[in-house]
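Accompanying notes for the structure given below.
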Amino acid sequence: MRTTSTLFGPIPPQSIDRLQLETSRIIDIYRLLFPSQRLNFFFYEGDNPIWGEPSIIEGEVTLAPEHLSAEFLGRVECQGAHDAAPVITIMVSVPRAPFPSEMKLQDSDWNPFKPLKALYGITPLFYEEIRYKVEMARKRRARRVHAHTSLPLGKGTSLLPQPQDPNSGKRPAILIGTHWLEVGGAEKLAIDSVRWALEAGLRVFVVAGVASLQRLATMLPDSPDVIFIRLDRYLPDHLWPRFVEQLVLTENIRLLHIHHCRVLYDALPQIRAKTPWVKVIDSTHIIEYADGGYPRISGVWSNYIDIHHVISRELVNYYRDHFQILNKVTLGRMLEGKDMRMSLPPMTMQTAQKTLYVSFIGRLYYQKRPIVLVEILRALASWAQKSNVDLRGTIVGEGPFLSAMKQLMRRYRIDDKFIMKPADCDIPELLSRSDILLVPSNNEGLALVCYEAIEHGCIPISTNVGSQSEVIPTDLLLPLSPRAAVHTSVEIIDKLWRNKDFLAYQKDALHAAWARLAADPTAKDVLMTHYRAAAGTSQE
């Protein structure tokens, strides 16, 4: 089926394998998308490590000098189903290999918003307060600006022929769509889902909606039954629905599972009209202030979706209150199977102790509010000095705020009290020797690190955002306003340190919250039921 006319001029030997692999991936994507057309590929050497900048033209192309630029690598023709098959021309760049620095760093250093840079230089906390107020204003406008009504879906009539399952004869498969394969809570669940689908007996196809280096792709199971298709690099968004349809028909896809993958939501009309036998599940984690985020998108597409899997009761309520969706929302916690009868270790902190160890664990992005964290540490250092307490701590995380945090801690002269460690450090060991875990985030789904903290005897203190109240007692929740969060953090820790009864009550409340969450079904419990049904391996 394939005819090669011109391919690859002088290329360093070390690049040949990569080019062959990538051009093969590109051809496979477009061969599936256009199964009968004659395909005419023009390949170029890209200067972008992420995106192939594909250009799709229906028909032949009249070549001009710019088509044979210095980056031109060669062309490949793939025959069509017959001699008169229409021609599709695909011009696409092969992304260059990322530099080692690009593999390590995702973002450049954070800098304050330029018009407010001088204000940040004088008082970082006031800068954070303004940012918070802008965010709350966006939240108040969200319902007016963004749709909160489910799209209608016509059921059609039995008088007209219905699409039929072609029965490809292949073993059942699932298509799992991720936002991307970079560090994040949603991505962890997506990768876990791939493992569970394999365990259920499904073949697994994975796609990512956002082009990136996909650093976590190496965490996908090394199995011939798991295939990561690089649509994020090589296929424009508007062609995804047709590709998904062809993949369903060719590979016997029985289940579509969306993990914050916007492009797959956009493919749902194609799925419902052309392949209605496919069951659709989505998983959502966090409501965003600006526009509702993926839970809102999910609610808008709800009539096209069979099961909404959510990780918190807050989200169960969100679907009910904002979209009147009740019977197809299923809670499945992002927890490993926990035995609520297991004995938890005693909390480390004691009243009037002479030392206090605090920790922070999280990506150093705005959502975690690293600047507010430093302000809390500064206020705690002042409290500790007055109380004759030796305050120490560890900050675990990487991200664009790292440099700004270090500078601020030096400015406040507290950098000698806190160690900064990368994300791959021993988290259980750190939590076991920490008295307090600080979570001053501006938004969260449900921070699992709080759950882990309780399991290791550490008291989490968090802003009252997202679903944090499901794991943190009321007395340990902070207001969202940065100034109030800093002030209340010190108040709570002072009360824990001085008041024996208050400390004992909070320890009991944390253990009770842990047990409540452990009693809920897990994500694996919920999803495996559908995976096994799709694979035909259900255990009756």
Side-chain angles (χ1 to χ4, degrees), residues 1-2 21-41 52 54-59 76-82 84-92 161-178 194 197 202-211 224-259 261-282 301 304-306 534-535:
M1 287 291 288
R2 186 174 302 168
L21 173 64
E22 294 301 316
T23 53
S24 175
R25 285 173 168 172
I26 295 167
I27 291 171
D28 287 347
I29 288 171
Y30 285 94
R31 187 72 284 174
L32 183 71
L33 179 60
F34 302 112
S36 61
Q37 288 91 329
R38 183 158 63 90
L39 304 183
N40 194 5
F41 290 95
S55 174
I56 320 303
I57 300 138
E58 305 268 349
V76 170
E77 284 188 13
C78 297
Q79 297 174 353
H82 51 80
V87 175
I88 305 290
T89 301
I90 301 119
M91 295 184 168
V92 58
Q162 299 298 308
Q164 298 299 309
D165 182 346
N167 188 14
S168 69
K170 292 185 178 179
R171 189 153 58 83
I174 182 174
L175 174 60
I176 293 180
T178 70
V194 173
L202 291 164
R203 296 180 302 125
V204 186
F205 294 87
V206 181
V207 293
V210 175
D225 281 341
V226 177
I227 298 176
F228 180 29
I229 307 176
R230 295 307 303 267
L231 301 188
D232 61 298
R233 273 185 174 170
Y234 297 125
L235 192 68
D237 287 0
H238 71 278
L239 290 174
W240 275 56
R242 290 166 63 185
F243 179 89
V244 172
E245 177 196 347
Q246 290 300 326
L247 189 69
V248 166
L249 296 172
T250 305
E251 297 294 344
N252 193 21
I253 302 284
R254 315 304 299 185
L255 201 54
L256 175 62
H257 192 166
I258 305 176
H259 291 269
C261 184
R262 180 193 56 78
V263 204
L264 279 191
Y265 283 112
D266 293 341
L268 291 179
Q270 198 89 4
I271 293 294
R272 282 293 168 249
K274 301 288 192 68
T275 60
W277 57 86
V278 174
K279 178 180 275 190
V280 178
I281 304 174
D282 71 354
W301 283 106
Y304 293 74
I305 295 168
D306 296 292

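- One finds no salt bridge joining Lys170 and Asp225 here, because no Lys/Arg side-chain nitrogen approaches an Asp/Glu carboxylate oxygen to under 4.0 Å.
- Using a 4.5 Å heavy-atom cutoff, the side chains of Ile27 and Leu39 are not in contact.
- Val278 pairs with exactly one of Leu255, Leu175, Asp165, Leu256 by the side-chain contact (heavy atoms from CB on, under 4.5 Å) rule, that one being Leu256.
- Here Ile88 contributes atom CD1 and Cys78 contributes atom SG; the two are 12.0 Å apart, rounded to the nearest 0.5 Å.
- Of all non-hydrogen atoms in Trp240 and Cys261, the two that sit nearest each other are CZ3-SG, 4.2 Å.
- Contact between Pro172 and Ala534 at its shortest, heavy atoms only, is CB-O, 3.5 Å.
- The shortest heavy-atom contact between Ala267 and Val244 is CB-CG2, 4.4 Å.
- Separating the NZ atom in Lys274 from the CZ atom in Arg242 is a distance of 8.5 Å, to the nearest 0.5 Å.
- Considering only residues two or more places apart in sequence or on other chains, Leu32 meets the side chain to side chain contact (heavy atoms under 4.5 Å, CB included) condition with Phe243, Gln246, Leu247, Thr250.
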Under the salt bridge (Lys or Arg N to Asp or Glu O under 4.0 Å) criterion, do Asp232 and Arg25 qualify, and how do the steps go?
CA-CA 12 Å; Asp232 61 298; Arg25 285 173 168 172; over 6 Å; no
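- For Arg38, the salt bridge (Lys or Arg N to Asp or Glu O under 4.0 Å) partners are Glu60, Glu77, not counting sequence neighbours.
- Residues forming a side chain to side chain donor-acceptor pair (under 3.5 Å) with Arg262 (at least two apart in sequence, or on another chain): Asp237, Asp266.
- Residues satisfying the side chain to side chain donor-acceptor pair (under 3.5 Å) criterion with Arg233, sequence neighbours excluded, are Glu22.
- In this view, Tyr304 satisfies the side chain to side chain donor-acceptor pair (under 3.5 Å) rule with no residue, not counting sequence neighbours.
- For Pro54, the side chain to side chain contact (heavy atoms under 4.5 Å, CB included) partners are Tyr30, Trp51, Ile56, Val92, Pro236, not counting sequence neighbours.
- A pairwise comparison of heavy atoms in Asp282 and Ile305 identifies OD2-CD1, 3.6 Å as the closest pair.
- A pairwise comparison of heavy atoms in Ile174 and Ala197 identifies CG2-CB, 3.8 Å as the closest pair.
- No side-chain heavy atom of Thr275 sits under 4.5 Å from any side-chain heavy atom of Ile253.
- Formation of a donor-acceptor pair under 3.5 Å by the Thr89 side chain with backbone atoms of Gly59 is found in this model.
- Within the 4.5 Å cutoff, no side-chain heavy atoms of Pro276 are placed close to those of Gln162.
- Of all the heavy atoms in Trp277 and Pro166, the pair that sits closest is CZ2-CD, 3.5 Å.
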